[in-house]
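Here is the structure we will look at.
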Amino acid sequence: MRIGPFTLESPVLLAPMAGVTDAPFRQLCLRLGAGLAASEMVSSNADTWRTEKSKRRLVHLDPPVSDGRAPRVVQIAGGDPESLAEAARHNVGLGAEIIDINMGCPCKKVCNKAAGSALLRDEALVARILDAVVAAVPVPVTLKIRTGWDRSARNGVAVARLAESAGIQALAVHGRTRADMFEGEAEHDTVRDIKRAVGIPVIANGDIDTPDKAAAVLAATGADAVMIGRAAQGNPWIFREVAHFLATGEHLEAPSHVEVERVLCEHLEGLYALYGAEVGVRVARKHIGWYLEARPGAREFRACVMQTTDAREQLALVRAFLAEMPERQAA
Ligand SMILES: Cc1cc2nc3c(=O)[nH]c(=O)nc-3n(C[C@H](O)[C@H](O)[C@H](O)COP(=O)(O)O)c2cc1C
């Protein structure tokens, strides 16, 4: 799939997830086969740009595309064309190689400011935002949407047409409306209708959690790529598994405990380095829970590992837990 001048190596993309897809996780997913990994959203409110939280979200932490890596994507969120245009310019100045506009997020904080998926109700404002951001930056601008505000107002096709005429270079569609939040199952019929209606690359998103599901969604929609969010939490291997299945029709083996240990420990070290040991330990807890949840004894281990506030101890506990897995003992 191409986005402007960039050819992506894999049609399996990481979905932006605030609080999850920070630099260490993005780099891990890219290394394990994701074709693209957008940053956590950055507010268009310039007052927030100097906070520690915003600084940690900057993509200058990712290697640039000139290093042979996937392009750096910064997702921006807001409701006002001029401030979004300014946010786009600011982030391109800091190294963004693609700007993605968030019109998919249903969370209250964003929607109270009439941003994220709340914008889908106002197509005239959508058009003004897209025009302003595309005109502001020399890099490709992409858009992420839901299928509409609610099921009686599923205007995804109309928004997709607006996006194409504004010069948006790829469109990701989460197959739920804003009112659905995360309830029920994502539907991909609207993605299929959007793909038929526009010529720009369309990316299907929502509840894609296995290689077979990815293949089925691509076949049913004709989409150019899939985007995976929650199923990558604790399972960054899903990118190579899906990409391999799409390319060959064959399933890869699940990663060994040895590989899980190596990748998880590397992930934790990356979190300690980005956030500092104290905050890093807290951020790491949810990731550890996700990585280990399906393993025997995970519940008891979780209760124990949540207690520690020390990075070295956290790492040692994780290593010890994985060393006790049956596969390791047999090896
Ligand atoms: C914890 C979390 C944070 C999210 N943050 C963002 C975000 O910052 N920007 C965005 O466009 N979507 C965000 N999303 C939505 C995801 O990108 C994705 O559209 C959604 O989770 C559906 O895909 P999935 O079923 O593969 O998880 C978030 C989702 C989750 C679970």
Side-chain angles (χ1 to χ4, degrees), residues 11-23 25-26 29 34-45 48 53-54 56-59 73-79 84 87 91 98-111 113 115-120 126 129 133 141-148 156 159 163 168 170-178 180-188 190-191 202-211 213-214 216-218 221 223 225-236 238-239 241-242 283 285-287 289-290:
V12 194
L13 319 184
L14 172 64
M17 289 182 285
V20 180
T21 55
D22 51 19
F25 190 61
R26 288 198 297 275
C29 292
L36 204 64
S39 72
E40 307 164 89
M41 64 182 160
V42 174
S43 166
S44 65
N45 178 355
T48 65
K53 188 169 163 188
S54 290
R56 280 197 298 260
R57 289 189 171 187
L58 298 177
V59 282
V73 188
V74 172
Q75 188 186 64
I76 56 174
L84 278 161
N91 280 288
I98 293 177
I99 292 291
D100 184 51
I101 305 175
N102 177 343
M103 293 193 191
C105 187
C107 59
K108 281 213 172 85
K109 212 160 112 192
V110 176
C111 284
K113 288 192 234 156
S117 55
L119 295 168
L120 297 174
V126 168
I129 287 174
V133 176
V141 180
T142 60
L143 175 66
K144 182 162 176 287
I145 62 171
R146 286 189 170 225
T147 54
V159 172
I168 291 296
L171 178 68
V173 186
H174 176 187
R176 288 187 175 86
T177 66
R178 191 261 170 207
D180 291 333
M181 302 298 281
F182 279 92
E183 297 298 313
E185 238 185 88
E187 57 87 16
H188 297 285
T190 308
V191 179
V202 173
I203 301 150
N205 168 240
D207 296 350
I208 297 170
D209 53 4
T210 61
K213 180 86 185 266
V217 169
L218 286 175
T221 60
V226 289
M227 177 178 269
I228 297 179
R230 288 164 297 168
Q233 293 172 341
N235 184 20
I238 195 167
F239 296 100
E241 288 167 1
V242 173
V283 174
R285 288 179 184 150
K286 62 177 179 265
H287 291 282
W290 287 326

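In each ligand, atom 1 is the first atom listed, and ligand 1 is the first ligand listed. On a predicted model such as this, the values are computed, not experimentally measured, just so you know.
For Ala18, a nitrogen or oxygen atom sits less than 3.5 Å from a nitrogen or oxygen atom of ligand 1, counting backbone and side chain alike. For ligand 1, the polar-atom distance check finds an N/O of Asp207 within less than 3.5 Å of one of the ligand's N/O atoms.
Residue Arg26 comes nearest to Glu40 through the heavy atom pair NH1-N, 4.1 Å, listed as atom of the first residue, atom of the second, then distance. When all heavy atoms of Ala170 and Ile203 are compared, the closest pair comes out as CB-CD1, 4.3 Å. Closest of all the heavy-atom pairs between Leu120 and Arg146 is CD1-O, 3.6 Å. Listed here is the closest heavy atom pair of Phe25 and Pro236: CE1-CB, 4.4 Å. The two residues Ala34 and Leu14 make their nearest non-hydrogen contact at CB-N, 4.4 Å.
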| request: Show your working on side chain to side chain contact (heavy atoms under 4.5 Å, CB included) between Met103 and Leu143 and close with a plain yes or no. | output: CA-CA 7 Å; Met103 293 193 191; Leu143 175 66; 3.8 Å; yes

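With respect to atom 30 (C) of ligand 1, the closest heavy atom belonging to the protein is Met17 CG, 3.8 Å. For atom 19 (O) of ligand 1, the nearest protein heavy atom (residue, atom name, distance) is Asn205 OD1, 2.6 Å.
The option from Ala172, Ala231, Pro16, Gly229 that lies nearest to atom 16 (C) of ligand 1, judged by heavy atoms, is Pro16. Here atom 12 (N) of ligand 1 lies nearest to Lys144 when heavy atoms of His174, Gln75, Lys144 are compared.
Close approach to Phe182 involves these atoms of ligand 1, each under 4.0 Å from a residue heavy atom: 20 (C), 21 (O), 29 (C). Within the listing of ligand 1, atoms 23 (O), 25 (O) sit less than 4.0 angstrom from a heavy atom of Gly206. Applying the 4.0 Å criterion to heavy atoms of Ala15 picks out, from ligand 1, the atoms 17 (O). Residue-ligand proximity, Arg230 to ligand 1, at heavy-atom distances under 4.0 Å covers atoms 21 (O), 24 (P), 25 (O), 26 (O), 27 (O), 31 (C). Every atom of ligand 1 with a heavy atom of Met41 under 4.0 Å away is listed here by number and element: 8 (O). Set against the non-hydrogen atoms of Ile228, the atoms of ligand 1 under 4.0 Å away are 26 (O).
A donor-acceptor pair under 3.5 Å is absent between the side-chain atoms of Thr142 and the main chain of Leu171, judged by distance alone. In this structure a side-chain-to-backbone donor-acceptor pair under 3.5 Å is missing from Lys144 to Pro16.
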